[in-house]
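All heavy atoms count here, side chains included; hydrogens, waters and symmetry mates do not. None of these values were measured; they are calculated from a predicted model.
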Amino acid sequence: MMSNKPPVNRAKTFEKSLEVSASSPEHYVLKLYVTGSTPRSTKAIQDIRAFCENNLTGNFELEVIDIHQQPLLARSEQIIAAPTLIKEEPLPLRKLIGDLSNTERIRANLNMPPTSQTGAVH
């Protein structure tokens with residue numbers, strides 16, 4: 001039985017999807033592993049939330065995981081120190097361990113272009 005639908009131009013469909021993804025900002029999926037409500041953990045949470053709000057406006061999901069409350073999850077992600085930030089999406093997966101107050105260090109680890117020196121936010 002023949003279909004009356006015109007054949008799908010897969011190349012055009014693919015090109016269209018590339019245009020959409022290039023024009024829309026990437027969506028970041030981040031996980032932050034901390035150790036309880038220590039001052040260092042609290043600062044890491046504040047730093048990464050501020051970074052996301054200032055640099056990824058509306059294009060991120062951030063999950064904060066306490067390794068004391070979810071040790072098996074931390075073990076499955078091979079977390080060896082806290083705080084640890086994991087970027088799951090967009091690929092490639094990246095891990096950033098330690099101080100999260102340096103905006104340029106975070107940008108580099110998330111594969112984002114550096115901010116210009118004149119308009120840098122630190």
Chemist: Could you tell me if the side chain of Pro83 sits less than 4.5 Å from the side chain of Tyr33, heavy atoms only?
Modeler: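 Contact flag for Tyr33/Pro83 side chains = no.
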
Chemist: Roughly how far, to the nearest 0.5 Å, is CD of Glu88 from CD of Glu63?
Modeler: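 It comes to 8.0 Å.
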
Chemist: Treating Ser41 as the side-chain partner and Ser37 as the backbone partner, does any N or O pair qualify as donor plus acceptor under 3.5 Å?
Modeler: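 Between the backbone of Ser37 and the side chain of Ser41 there is no qualifying donor-acceptor contact (under 3.5 Å).
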
Chemist: CG/Leu96 to CZ/Arg105 distance, rounded to the nearest 0.5 angstrom?
Modeler: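 Atom-to-atom, Leu96:CG and Arg105:CZ are 4.0 Å apart.
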
Chemist: Can you get from Leu32 to Met112 by hopping between Ile, Leu, Val, Met, Phe, Trp and Tyr side chains that sit under 4.5 Å apart?
Modeler: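 Leu32 and Met112: one cluster.
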
Chemist: Distance from Leu62 atom CG to Leu30 atom CG, nearest 0.5 Å?
Modeler: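 So the gap between those two atoms works out to 6.0 Å.
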
Chemist: Determine whether Ile67 and Val34 make a side-chain contact, defined as any pair of heavy atoms from C-beta on separated by less than 4.5 Å.
Modeler: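 Heavy-atom side-chain distance check fails, nothing below 4.5 Å.
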
Chemist: Only counting residues at least two apart or in another chain, list the ones meeting side-chain hydrogen bond (donor to acceptor under 3.5 Å, both in side chains) with Asn109.
Modeler: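 Asn109: no side-chain hydrogen bond (donor to acceptor under 3.5 Å, both in side chains) contacts found.
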
Chemist: Please output the side-chain donor-acceptor pairs of residues 42-51 that fall under 3.5 Å, not counting sequence neighbours, one pair per line with the distance.
Modeler:
from	atom 1	to	atom 2	distance (Å)
Thr42	OG1	Thr38	O	3.0
Lys43	NZ	Asp47	OD1	3.1
Lys43	NZ	Asp47	OD2	3.0

Chemist: Donor-acceptor pairs under 3.5 angstrom involving side-chain atoms of residues 68-81: please list them, not counting sequence neighbours.
Modeler:
from	atom 1	to	atom 2	distance (Å)
Ser76	OG	Leu73	O	2.8

Chemist: Decide whether Ile65 and Leu85 are clustered together by the hydrophobic rule: side chain heavy atoms of Ile, Leu, Val, Met, Phe, Trp, Tyr closer than 4.5 Å, transitively.
Modeler: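 Hydrophobic grouping puts Ile65 apart from Leu85.
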
Chemist: Would Leu56 end up clustered with Leu100 when hydrophobic side chains under 4.5 Å apart are linked, directly or stepwise?
Modeler: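 Yes; tracing contacts between hydrophobic side chains, which count when under 4.5 Å, links both residues.
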
Chemist: So, do Tyr28 and Lys87 sit near enough that their side-chain heavy atoms are less than 4.5 Å apart?
Modeler: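 Yes - at least one pair of side-chain heavy atoms lies under 4.5 Å apart.
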
Chemist: Determine whether Asn55 and Arg107 make a side-chain contact, defined as any pair of heavy atoms from C-beta on separated by less than 4.5 Å.
Modeler: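 Side-chain contact under 4.5 Å: yes.
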
